[in-house]
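Here is the naming used below: chain letters follow the sequence lines, and residue numbers restart at 1 for every chain.
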Amino acid sequence: MNTVRRVLLQGAGVLAAGLLAPIAALAATWNKEAFGAKSAPDALKSIGATHAAPSGDVVIEAPEIAENGAVVPIEVTSNVPGTRSIAVVVEKNPFPLAAKFDFLEGALPYVKVNLKMGETSDVRVVAEAADGKRYTASKNIKVTIGGCGG
Amino acid sequence: MPGPMKMRASLGQGFTEVRVLMTHPMETGQRKDPQGKLVPAHFIQNVTVKVNGRPVLEAQTSQAVSRNPVFSFRLKGGAKGDKIEVSWLDTQGETNKTETAVA
Amino acid sequence: MRIRRALVLSFTAGLAACATPATAPIGERPPAPSPRDLDEITAVLKRDFHERGQAKMDRIQLDEVQRACNLNADHPPADAARALEQAELKKIPFPAGSLIGDWKKGEKLAQSGRGAMWSDKPGVQQGASCYNCHQISPKETAFGTIGPSLAGFGKTRGNGAEMQRYVYGKIYDAKAYNLCSQMPRLGSSGSLNDEQIRDLVGLLLDPASPVNQ
Amino acid sequence: MRAVLCGAALALTIAPAMAQKSPYADYQRMAAENAPVELYELAGEEAWAKKQGPKNVSLERCDLGQGPGVLKGAYAGLPRYFADADRVMDLETRLLYCMMTLQGRAREEATKRVFGNADHASEMEVLSAYIARQSNGMPIAPGTSHPKEKAAYALGQKLYFHRAGPWDFSCASCHGEEGKRIRMSELPVLYKPQYAGPLMATWPAYRVSTSAFVTLQWRINDCYRQMRMPEPAYASDATVALIDFITVTAQGTPYRGPSIKR
């Protein structure tokens, strides 16, 4: 257990230093390239979603306007048959890929999560079908400044 | 030591709804503390959901997930008493998990 | 002194005329407090509040303007209000020459909601809180609506010496122009200095400021 | 196409003052559904049962107005007059009283850290979360008949409209007129039931902008900070009176907290 922990810590240290080193095999996968991408096109490319087809089967429920960017609730449902994964990309965030969910046998392609948004942005969701095809939808969410600023 | 987690799993129409709360700072690495020093990045990277010991959902997450993450998932079918386990792993190698039975 | 007596008298007369209860029913504004009510409230504040950081206990003492506005629910008799406004106006130290400062610095001040709180460092964390209540530059869409829109202010009103003086004075002491205005007296309260107020004048009046684009 | 969309978006940004329904309604509903308040409720449950203080007892015998240890509906019935203390008390003031009497703790120790932060919520905050939850669904019904309850309401109302301090602010300077905003935040007119009701139905709350759980005593304290006033003492008659005034204005509204705030 201690060894695992130490290896993971080293992995995190390397990650923080910005070097490319594979995280120990014992750790769960975390797509460093995709999560490290600094633009939406790069992030989409690294998850193979550059040519994702717009689809009404990818349903995003989120507020049009958020009172605070620190917590923006987003609910995603994929009606794409055989959805294997759902990725959520906040296009204007410094690191646009926010999360990726892989659904194994037994889970429905649905997730609800709170995200941080640095500014008003399109939020893009990419669903991956069983055959590897990608489908996408996006929604613009406005982030506002409130309060006295004290 | 990681802060507490809280989970609820309840039967819906043909699915099981799982809602899980995690105590975690989810630091982006871009925030400054009151002294003006950058707070290093520290966030959950992996979340795994298991039903009766079998993984059904694996999530990779970034610093864009809000502090004290709240996730809702839906599992196919399900029955009262099914054992749901959710665990996480963060950038510092810290982990935590919680278990509940479907109610 | 005479002003104060006049205000008190006008209130007392009002009280005798309608004998209003001290507490308003739910959902209604209460009647203006009596001088005794004001003393009672100040005594409560003295007992229950304490100084912290730059927020000292002298801040709970009411000046003539605050007394007049409190005693008359922000609608003092016109004559008394005018006299107090004149007295405030006399206290504004208008500088000579152009009052148009650096609008870019003005914009920063207008954006900042800091200053004068117990949590602020005196003299360091100063802001003017303008956007909290006013629309100003069209680039800033997150603006408040307690005060009127100031968009295009210089373009529509001109920026001659008279207008510069008015804007400077209004920021320095809003109560010199409208006794019970909700706008703080940013100069007389010591929250902003001369240079900062000029920068704000620049923000509103400089033709190059985004406000006037 | 894009220009049309942008125009519509802009209209939405400017419209809130006039809109019937708040543009933030969807945000507030979804954020409330997805709020991490249960984490604080869990911690509060532990704090309620934790033996501490010179007498080494828990708060489980604390009488919040419905009898010793009764939590159901207790929060919805506060503030109210307590004969044992001969005072009107809100939840936090009453908890402090129980800490001092039941547990034998000194006021100074019990109030040393009443307002926590994102990393570490305070004992008062987690207790408030836990106790408030047990009034969820019940109508807000503070005490209004005892002379001291009437006096608290009257004092709160006077304080609400009292202008003072270097910036000449009263609570009503910002919360006095309908349809106004500070930046993009809509300002509830808290002396009117239609605004006080929905607001008081959701305190205490997880505050998104600071990722911290906050209470009504904190809210009043922070308003006075931003009004540029000196600091009100925690659980003082002044803060209790303001909480009482707004809660009485909100009476009858079903309580649906603890919830979430901007």
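- Residue-environment remark: NZ (A/K45) stays at or below the threshold of 12 foreign heavy atoms within 6.0 Å.
- A donor-acceptor contact shorter than 3.5 Å links the side chain of A/K116 to the backbone of B/M26.
- In this structure a side-chain-to-backbone donor-acceptor pair under 3.5 Å is present from B/S66 to A/A70.
- Ring orientation note: the planes of A/F101 and B/F71 are nearly perpendicular, at an angle over 60° on the 30°/60° scale.
- With rounding to the nearest 0.5 Å, the separation of CD in B/E17 from NZ in A/K112 is 6.5 Å.
- Considering only heavy-atom pairs separated by less than 4.5 Å from chain A, the leading option among B/V51, B/V56, B/N68 is B/V56.
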Trace of the side chain to side chain contact (heavy atoms under 4.5 Å, CB included) decision for A/N114 with B/V65: CA-CA 6 Å; A/N114 293 329; B/V65 172; over 6 Å; no
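- Formation of a donor-acceptor pair under 3.5 Å by the A/W30 side chain with backbone atoms of B/T91 is not found in this model.
- With a 4.5 Å cut-off on non-hydrogen atoms, B/P55 touches chain A through its backbone and its side chain both.
- A distance-only check finds no donor-acceptor pair linking the side chain of A/K100 to the backbone of B/A59 [under 3.5 Å].
- If you measure heavy-atom distances from B/R54 to chain A, the contacts under 4.5 Å come from the side chain alone.
- Using a 4.5 Å cut-off between heavy atoms, B/Q30 contacts chain A through its side chain alone, with no backbone atom that close.
- With a 4.5 angstrom heavy-atom cutoff, A/L97 touches chain B only via backbone atoms.
- Atom NZ of B/K76 has more than 12 neighbouring heavy atoms from other residues, nucleotides or ligands inside a 6.0 Å radius.
- Remark: A/F95 CZ to B/S62 OG distance equals 9.5 Å, nearest 0.5 Å.
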Verdict with supporting geometry, B/Q60 and A/D102, side chain to side chain contact (heavy atoms under 4.5 Å, CB included): CA-CA 8 Å; B/Q60 299 174 53; A/D102 291 322; 4.0 Å; yes
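- With a 4.5 Å cut-off on non-hydrogen atoms, A/P94 touches chain B through its side chain but not through its backbone.
- The contact between A/V113 and chain B is made by backbone and side chain atoms together, counting heavy-atom distances below 4.5 Å.
- The parts of A/F103 that come within reach of chain B are both its backbone and its side chain, each placing non-hydrogen atoms under 4.5 angstrom from that chain.
- Ranking A/L104, A/N93, A/V88 against chain B, the residue ahead of the rest is A/L104, based on heavy-atom pairs under 4.5 Å.
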